[in-house]
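Numbers for residues simply follow the sequence, beginning at 1. What's counted below: heavy atoms across the whole structure, side chains too, no hydrogens, waters or symmetry copies.
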Amino acid sequence: MAKMQKPQDAYVVNGWYLNLPVPGILSEGLFETLEGMGKSSGNVEMVDAGSNHVYNFTDQLTRYDEMTLTRTYQGNATDRAMEALVSTMIETGLKLPATAVKMHHGNEVFTIVFEGFRFTAVKMPTLDVAGSDKFTVSYTAMCDGWEIVPVGA
């Protein structure tokens with residue numbers, strides 16, 4: 001039987017930034033949230049006629065989930081650069097390598113390396129004359145794959 005481990009420290013969901021290799025886009029602090037990152041494999045069922053049991057096998061295909069990123073407009077040149085990048089990606093299918101860096105107590109703990117990252121949609125917030133919310137824009141993104149790389153690996 002394995003010996004139980006005591007927790008040493010717990011990561012929190014804040015303290016991260018996305019690097020996009022595009023001039024005019026400052027990466028740290030650009031995005032506030034990244035959600036929906038996941039991966040899964042498909043399933044193939046086979047029925048055994050003698051026992052009527054259903055057996056499940058992998059289809060050997062890895063699927064990467066759609067992600068949503070949000071950021072607040074600030075009226076600066078980065079907003080214009082993001083608008084141009086997202087428009088180009090939506091209109092032409094341009095893909096870029098990207099990384100998300102996770103920080104903990106000011107130190108980098110791991111990097112998520114995205115292969116074939118691209119924005120597929122942008123959604124502006126509701127304009128409301130009586131509203132006082134931040135002007136938060138949502139971006140839908142896809143990738144061809146991602147991998148978590150620990151520091152020092």
**OP:** Take Y17 and L30 through the side chain to side chain contact (heavy atoms under 4.5 Å, CB included) test and state the conclusion after the steps.
**Re:** CA-CA 7 Å; Y17 60 92; L30 179 63; over 6 Å; no
Original post:
Between Y64 and F114, is a side chain to side chain contact (heavy atoms under 4.5 Å, CB included) present by the stated rule, with each step listed?
Top reply: CA-CA 11 Å; Y64 294 89; F114 294 99; over 6 Å; no
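Annotation: side-chain hydrogen bond (donor to acceptor under 3.5 Å, both in side chains) contacts of D65 (sequence neighbours excluded): none. A search for salt bridge (charged side-chain N to carboxylate O under 4.0 Å, His left out) contacts involving E35 returns nothing, not counting sequence neighbours. Residues satisfying the salt bridge (charged side-chain N to carboxylate O under 4.0 Å, His left out) criterion with K39, sequence neighbours excluded, are absent altogether. Taking the salt bridge (charged side-chain N to carboxylate O under 4.0 Å, His left out) definition, one finds that D133 meets it with nothing, sequence neighbours left out.
The ring pair (Phe, Tyr, Trp, His ring centres under 6.0 Å) pairs that include a residue from residues 81-102 number zero, where partners must be two or more places apart or lie in different chains. Within the structure, salt bridge (Lys or Arg N to Asp or Glu O under 4.0 Å) contacts touching residues 101-124 (residues at least two apart or in different chains) do not occur.
By the 30° and 60° cut-offs, the orientation of the rings of Y139 relative to F119 is tilted.
Taking 4.5 Å as the limit, some side-chain heavy atom of F31 sits within range of a side-chain heavy atom of W16. T70 has its side chain out of reach of V137: every pair of non-hydrogen atoms, C-beta onward, lies at least 4.5 Å apart. Side-chain atoms of W146 and I148, non-hydrogen and from C-beta on, do get closer than 4.5 Å to each other.
Residues Y73 and L127 are members of one and the same hydrophobic cluster, defined by side-chain heavy-atom contacts under 4.5 angstrom among Ile, Leu, Val, Met, Phe, Trp and Tyr. A continuous path of ILVMFWY side-chain contacts below 4.5 Å connects M124 to M89, so both sit in one hydrophobic cluster.
Checking side-chain atoms of D79 against main-chain N and O of Q74 turns up a donor-acceptor pair under 3.5 Å.
Taken from CG in N43 to CG in L61, the straight-line distance is 11.5 Å, to the nearest 0.5 Å.
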